[in-house]
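Following: one structure in structure tokens, then a few remarks.
In what follows, chains carry the letters A, B, and so on, assigned in the order in which the sequence lines appear, proteins first and then strands, with residues in each chain numbered from 1. Note that the structure is a prediction, hence the values are computed from the model and not measured.
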Amino acid sequence: MCHVRLDVPRSGDYCEKGGSPLRMMMKGNEAIGEAAVRAGCRYFFGYPITPQNELPEYLSYRLPEAGGVYLQAESEIAAINMVFGAAGAGARVLTSSSGPGISLKQEGISFLSGAELPCVIVNIMRGGPGLGGIQPGQADYFQATRGGGHGDYRTIVLAPGSVQEMADFTYWAFELADKYRNPVLILGDGVLGQMMEPVVFPPEAKADQTNKLWATTGCRGRQPNIIKSLYLNPEELEEQNKKLQEKFELIMQEVNRAEKYQVEDAEIILIAYGISARVSLAAIDAAREEGIKVGLFRPITLWPFPEKILLESLSKAKKLLVVEMSAGQMIEDVRLAVCGRLPVHFYGRTGGMLPSAKEILSKIKTLGGGASGRSIR
Amino acid sequence: MTKQRFHYCPGCTHGIIHRLVAEVIDEMEIREDTIGVAPVGCSVLLYNYLDIDMQEAAHGRAPALATGIKRVLPDRMVFTYQGDGDLASIGTAEIIHAAARGENITAVFVNNAIYGMTGGQMAPTTLAGQATTTSKTGRNIQSAGFPIRMSEMLATLDGAAYISRVSIHNPAHVIKAKKALRKAFETQKRGIGFSMVELLSTCPTNWGLKPTEALKWLEENMIPYYPLGEFKIKQEV
Ligand SMILES: Cc1ncc(C[n+]2csc(CCOP(=O)(O)OP(=O)(O)O)c2C)c(N)n1
Ligand code: SF4
């Protein structure tokens, strides 16, 4: 997992040839890096941790080439606070980490959300808890969607399922962050981060940063700008909280995305995101061959959870099966969404183990036969 | 400075230090090019008093914010204002690494040997034997260790360009303090590297002393342990 790549692309490689979009074979982690640069991000602050290292490694040479700054911070705590400073100065800024590092960033993420600063944070998940392991996991769902930090705040959470989506969602993340002035988290996992797939990059965006009138850039020709999250007067703080909640409410209405596969006639619907969804697809095809009516619902926004889209997809469904690389976290959002109307089953692997299509298929078969309940291998 | 009334206790020297920073900014005519970073501590409301762009940091993280701001806006002046709990305890990693990187920012470090805002607990800079709410019979070196001399420590780092310690216990020293602040800001303006001025300051409320007694206590107890002077001046400064 830790190796030096010598075949790194060089600056000339990024040019669109004859105006057509650039197509490259890339690791998911690198695709995020290239997409960030193309989304107008020029600042990265981070601290090494497996399995996301290819992203900072890529940006360590790519950003200076693009006239930007790559800075390895002394810790994840420092990194997220550098992100705060840069975001407050009006820049598009990125940081990335994996579980333990994201835990350290939570105080900063709460401050960013409280001060309404936009930024993009990448978590390439590994197995936990504690130091856990370096193999892929999905057990940071609670941390990502509930916010591991203090106070009533939310982060938008996007879950890519391919290298192409790693790139596409990076663009999208920067747009959402600026639009709502809030941190946006890209929640990937070690498999997506490390695997190589072809990826097409749209041409470089012209990020308009001139409209950040609130940024602290020196008060030339205007009143001073203050970026803060402190309100010592409880009435004022409640007002600020109401304002934030209204914004979160708006995001819940406007940012909902999911993908469906063969759900129209499905009696059993699998619900999975990221790499678990990809493995589930293979299990669904195999089950269909055996005549079992199965489909897949893949949440793409994890917060807001695409509850409405899910409920619209359940016309023929009799049972739901949530597949995660955790002991069962997203399943809570599914249960909240269906509110007891359907039985919700679970299949999960933990510790860095990937569920196999075969395992999922046999779980589907047990459901066909009416067996129920939770299973974690 | 704005017209806001200070929220500080009577005799607290934070106010004097605010004034000095504001005067240096005005004299250098950099008000519209300066971004300040406020700490968590008694001076958390610094942005109510300085009439400039400011960001408020999490406890101890001001140097990291300042780094982020300065990297985006390298031609602006960026400074942090931090207490001793903020800079010398929870934020030691951030200040050390900002200095080690030679980050072209200025830290205004207010050392009052106690945690003011939270009600007078022991700080990393609390003197041996000094009574606080968490060391009622005086700081016990055996169990609580020794007070930290940040200026001396940071001066050992190659990235530090200008480091000095001053005091504000009398008018003569206040004038010296202002000169040091000016030198630190000039160091940044000329792009030479990291600069910090440590200002020995009083906390009459939590020291349990009258303002004049506090100034005397500072002079008699703090200066012997925290000697004044310039600890690092890069040749270019
Ligand atoms: C993470 C975190 N821990 C603790 C606190 C509580 N806290 C607020 S101010 C402070 C100490 C400030 O002392 P100092 O930096 O010496 O500044 P002073 O108030 O003396 O000027 C502490 C511990 C906090 N706000 N955040
Ligand atoms: S508690 Fe101490 S440091 Fe804080 S305002 Fe009062 S005197 Fe100043």
Side-chain angles (χ1 to χ4, degrees), chain A residues 41-45 47 63 68-93 95 104-112 114-115 117 119 149-150 209 212 214-232, chain B residues 1-2 4 7 25 29-41 43-78 80 90-101 103 105 117:
Chain A
C41 167
R42 290 293 178 274
Y43 304 92
F44 177 92
F45 304 97
Y47 187 84
L63 273 174
V69 174
Y70 163 86
L71 182 59
Q72 186 168 310
E74 59 271 28
S75 68
E76 288 87 350
I77 299 177
I80 194 72
N81 285 286
M82 289 172 184
V83 166
F84 188 113
R92 282 195 160 174
V93 54
T95 185
L104 283 179
K105 286 181 169 147
Q106 294 298 338
E107 181 203 36
I109 297 172
S110 164
F111 274 68
L112 280 154
L117 290 181
C119 69
H150 55 286
Q209 296 179 8
K212 295 186 175 175
W214 44 263
T216 54
T217 53
C219 59
R220 203 165 282 184
R222 59 162 168 76
Q223 285 299 308
N225 284 339
I226 309 297
I227 291 174
K228 61 160 190 167
S229 56
L230 177 77
Y231 297 86
L232 287 170
Chain B
M1 294 194 76
T2 63
Q4 284 258 349
H7 69 283
I25 289 173
E29 297 181 1
I30 52 171
R31 189 184 81 84
E32 296 188 327
D33 294 320
T34 300
I35 298 128
V37 184
V40 169
S43 48
V44 65
L45 297 175
L46 180 61
Y47 43 76
N48 284 352
Y49 312 122
L50 294 186
D51 195 20
I52 58 171
D53 272 13
M54 289 205 71
Q55 293 190 18
E56 167 197 272
H59 195 18
R61 316 301 170 209
L65 264 71
T67 298
I69 299 168
K70 189 75 179 187
R71 293 298 178 118
V72 175
L73 303 166
D75 61 339
R76 308 302 145 86
M77 298 289 286
V78 181
T80 68
I90 195 167
T92 34
E94 282 77 8
I95 197 72
I96 287 174
H97 285 271
R101 285 192 302 270
E103 209 63 60
I105 58 171
M117 192 191 209

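The shortest heavy-atom contact between B/Ala64 and A/Ala78 is CB-O, 3.5 Å. Considering every non-hydrogen atom in both B/Arg71 and A/Tyr43, the closest pair reads O-CE2, 3.5 Å. Nearest heavy-atom pair across B/Ile69 and A/Gly85 is CG1-O, 3.4 Å. Here the shortest heavy-atom pairing between B/Met54 and A/Thr216 reads O-CG2, 3.5 Å. Across all non-hydrogen atoms, the minimal contact from B/Tyr47 to A/Lys228 is OH-CD, 3.4 Å.
Using a 4.5 Å cut-off between heavy atoms, B/Ala38 makes no contact with chain A at all. A/Ile80 does not touch chain B: none of its heavy atoms, backbone or side chain, sits under 4.5 Å away. When heavy atoms are compared at a cutoff of 4.5 Å, A/Ser110 does not approach chain B at all. Contacts between B/Arg31 and chain A at a heavy-atom distance below 4.5 Å involve backbone atoms as well as side-chain atoms. Both the backbone and the side chain of A/Phe84 have a heavy atom closer than 4.5 Å to some heavy atom of chain B.
Most heavy-atom pairs under 4.5 Å with chain B: of the set A/Leu71, A/Val93, A/Val83, this distinction falls to A/Leu71. Residue with the most contacts toward chain A among B/Leu45, B/Ile35, B/Thr67: B/Ile35 (heavy-atom pairs, distance under 4.5 Å). Chain B forms more heavy-atom pairs under 4.5 Å with one residue of A/Ala79, A/Ala215, A/Ser229 than with any other, namely A/Ser229.
Sparse packing is recorded around OH of A/Tyr47, with 12 or fewer heavy atoms of other residues, nucleotides or ligands lying under 6.0 Å away.
Going from atom CD1 of A/Ile77 over to atom CD of B/Glu94 covers 6.5 Å, rounded to the nearest 0.5 Å. For the atom pair CD (B/Glu103) and CE (A/Met82), the distance works out to 6.5 Å, reported to the nearest 0.5 Å. Here CD of B/Gln55 is found 10.5 Å from CG of A/Asn81. Values are rounded to the nearest 0.5 Å. Atom CD of residue A/Gln223 and atom CD1 of residue B/Ile52 lie 13.5 Å apart, to the nearest 0.5 angstrom. The CD atom of A/Glu74 lies 5.0 Å from the CZ atom of B/Arg101; values are rounded to the nearest 0.5 Å.
The main-chain N or O of A/Leu230 is found under 3.5 Å from a side-chain atom of B/Glu56 such that the two form a donor-acceptor pair. Side-chain atoms of B/Asp53 come within 3.5 Å of backbone atoms of A/Thr217 as a donor-acceptor pair (strictly under, hydrogens ignored).
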